[in-house]
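Below is one structure, written out as structure tokens; comments come after it.
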2 protein chains.
Amino acid sequence: MPSDMAAQQGRKQGPGRPKDEEKRKAILDAACRQFLENGIAATRVDRIASEAGVSKMTVYAHFGDKAGLFAASVRSRTETLAEALADLPDPPADLRRALITYGTAFVLFLRSPDVLRLDLILATEAATHPEIAAAFYESGPGVVLGTVTGILRQACERGMIRLPDVDKAADSLVASWCHGPDWIAQRLALRGPPTREEAQERVQRSVDWFLAAHAVKPQD
Amino acid sequence: MPSDMAAQQGRKQGPGRPKDEEKRKAILDAACRQFLENGIAATRVDRIASEAGVSKMTVYAHFGDKAGLFAASVRSRTETLAEALADLPDPPADLRRALITYGTAFVLFLRSPDVLRLDLILATEAATHPEIAAAFYESGPGVVLGTVTGILRQACERGMIRLPDVDKAADSLVASWCHGPDWIAQRLALRGPPTREEAQERVQRSVDWFLAAHAVKPQD
DNA sequence: TAATTCATGGACTCACGGGTACAATAATGA
DNA sequence: TCATTATTGTACCCGTGAGTCCATGAATTA
């Protein structure tokens with residue numbers, strides 16, 4: 001990622017001691033933890049520095065100011081999460097099984113505490129950091145939506161189901177998997193994340209509705 | 001609401017000048033606006049006071065401190081919103097029409113900027129103000145879920161549809177109405193609230209799936 | 001009228017935390 | 001070795017904003 005280096009360092013490795021990449025990583029790591037745990041306002045730069053085992057001046061040397069540190073750390077976190085999403089196995093050929101497999105993975109992903117916190121912070125900060133919010137959407141929910149849309153579109157082309165509007169159908173289907181009142185309750189700390197069984201059961205139910213309503217050939 | 005008075009004032013109207021209820025209202029009003037707009041940390045008590053046309057001391061006399069002010073203002077806002085939800089018209093007899101009518105109202109409600117902000121702030125603050133979060137859930141999402149569950153249960157009893165688990169079905173159905181990636185995009189300020197037409201179209205689609213999949217009489 | 005409580009506004013205290021200054025030291029390229 | 005840049009620790013500056021103090025005046029009950 002050379003563009004990243006250019007954007008972050010801005011200097012071509014002139015003479016003198018180079019910046020320590022390990023320290024940079026450590027700072028980003030600590031910053032992620034702190035920002036996710038406390039939000040922007042309540043996070044102390046001093047604490048990040050000490051947790052990273054680094055002096056405060058080093059933090060400012062690498063990232064300029066608190067906002068820059070936030071942006072960089074969220075960006076790195078977003079990339080990490082996006083990789084996790086990209087690592088899903090190939091979809092089974094069977095449509096129903098493909099939807100259930102992916103759906104369960106998505107639910108577990110989208111309701112993991114880290115993603116929940118990240119979503120929360122970015123939603124709070126969307127007004128002041130629109131590019132970050134957009135990047136998060138693209139590499140998180142956008143990927144989920146795109147994958148499901150692809151699966152559905154393919155199934156339509158193969159004549160397995162019939163959908164008047166694939167995009168909207170995908171949106172509603174994903175919604176029915178992930179974001180019910182039950183999910184709201186988790187956001188409000190009224191319950192924990194679902195177990196794998198709960199997630200799967202929930203997705204299976206939605207998928208079965210969906211297929212029952214849209215399948216071309218008669219089924220039960 | 002006498003319990004409210006007792007909790008807030010604590011004194012039985014002794015001698016001397018009584019507290020001005022209008023000022024109290026004005027303070028709450030300004031506080032709601034500010035907290036919804038900026039969140040807790042970024043809200044300035046001075047600003048609330050000046051916007052309410054009141055001295056800062058008066059704010060502290062009425063609400064003790066910033067946290068108390070926040071709690072009181074969110075409570076009042078939650079009550080207001082709950083009233084809006086309670087004001088919905090009686091459900092039409094027709095099941096499909098009832099679901100669509102309520103669903104559209106819910107979507108417009110849950111995606112209104114105010115509710116979105118409130119949800120966001122409470123989710124952020126859930127750890128430090130669990131009772132407030134719980135109260136919000138009860139009078140917001142909880143009411144929606146309860147209403148839909150009621151409608152579905154009745155329909156089951158009348159033999160119009162068949163559902164193995166009414167509660168979970170209601171959760172998924174509500175989710176498919178409200179909280180797709182499209183909604184996430186709105187939270188991230190990537191799009192605005194849906195129009196009435198969009199909301200209705202979306203709900204209608206979900207309801208039709210649902211009924212197609214669960215109707216007792218033969219379907220295609 | 002007297003006693004009591006509320007409200008005002010402005011000045012004030014005080015803790016907190018972002019960001020900087022500086023002097024010393026370490027690592028690197030030339 | 002020399003110039004250059006990174007890093008450190010500590011001490012510091014300084015804006016900000018929550019919460020308080022106080023002297024004055026207004027509303028209310030007895």
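Each chain gets a letter, A, B and so on, in the order its sequence line appears, and its residues count up from 1.
With hydrogens and angles left out, the side-chain atoms of S172(A) and R205(B) include a donor and acceptor closer than 3.5 Å.
Here the two rings, on W183(B) and W183(A), have centers that are under 6.0 Å apart.
The side chain of S55(A) lies closest to dG9(D), out of dG9(D), dG19(C), dA18(D). Considering only side-chain atoms of V54(A), the nucleotide from dG19(C), dG10(C), dT8(D) that sits closest is dT8(D). For Y60(A), taking side-chain heavy atoms from C-beta onward, the closest of the listed nucleotides dA18(D), dA6(D), dG18(C) is dG18(C).
The minimum heavy-atom distance between I40(B) and K66(B), with the atom names listed, is O-NZ, 3.1 Å.
With rounding to whole Å, D46(A) atom CG is found 14 Å from dT8(D) atom P. Nucleotide dA23(C) holds its P atom 14 Å from the CE atom of M57(A), rounded to whole Å. Look at CZ on F63(B): it is 15 Å from C1' on dC6(C), rounded to the nearest Å. Between D20(B) atom CG and dT28(D) atom P the separation is 9 Å, expressed in whole Å. The CD1 atom of I48(A) sits 13 Å away from the C1' atom of dG17(C) (whole-angstrom rounding). Counting to the nearest Å, the C1' atom of dT5(C) and the NZ atom of K23(B) are 15 Å from each other. Separating the CD atom of E22(B) from the P atom of dA27(D) is a distance of 14 Å, rounded to the nearest angstrom. Here the C1' atom of nucleotide dA7(C) and the CD1 atom of I27(B) are 10 Å apart, to the nearest Å.
Look at H62(B) and you'll find a side-chain N or O under 4.0 angstrom from OP1 or OP2 of dA7(C). An OP1 or OP2 oxygen of dT16(D) is reached within less than 4.0 angstrom by no side-chain nitrogen or oxygen of R44(B). Within the 4.0 Å cut-off from OP1 or OP2 of dA6(D), not a single side-chain nitrogen or oxygen of T58(A) is found.
Interface remark: the K56(B) side chain does form a donor-acceptor pair with the dG19(D) base, using a distance-only criterion of under 3.5 Å. For dG19(C), the base has no donor-acceptor partner in the side chain of K66(A) [N/O atoms by modelled type, under 3.5 angstrom].
Using a cut-off of 4.0 Å between Lys/Arg side-chain N and Asp/Glu carboxylate O, E198(B) and R191(B) are scored as salt-bridged.
Within the 4.0 angstrom heavy-atom criterion, only backbone atoms of the sugar-phosphate kind lie near T43(B); the bases stay farther away.
The main-chain N or O of P89(B) is found under 3.5 Å from a side-chain atom of Y102(B) such that the two form a donor-acceptor pair.
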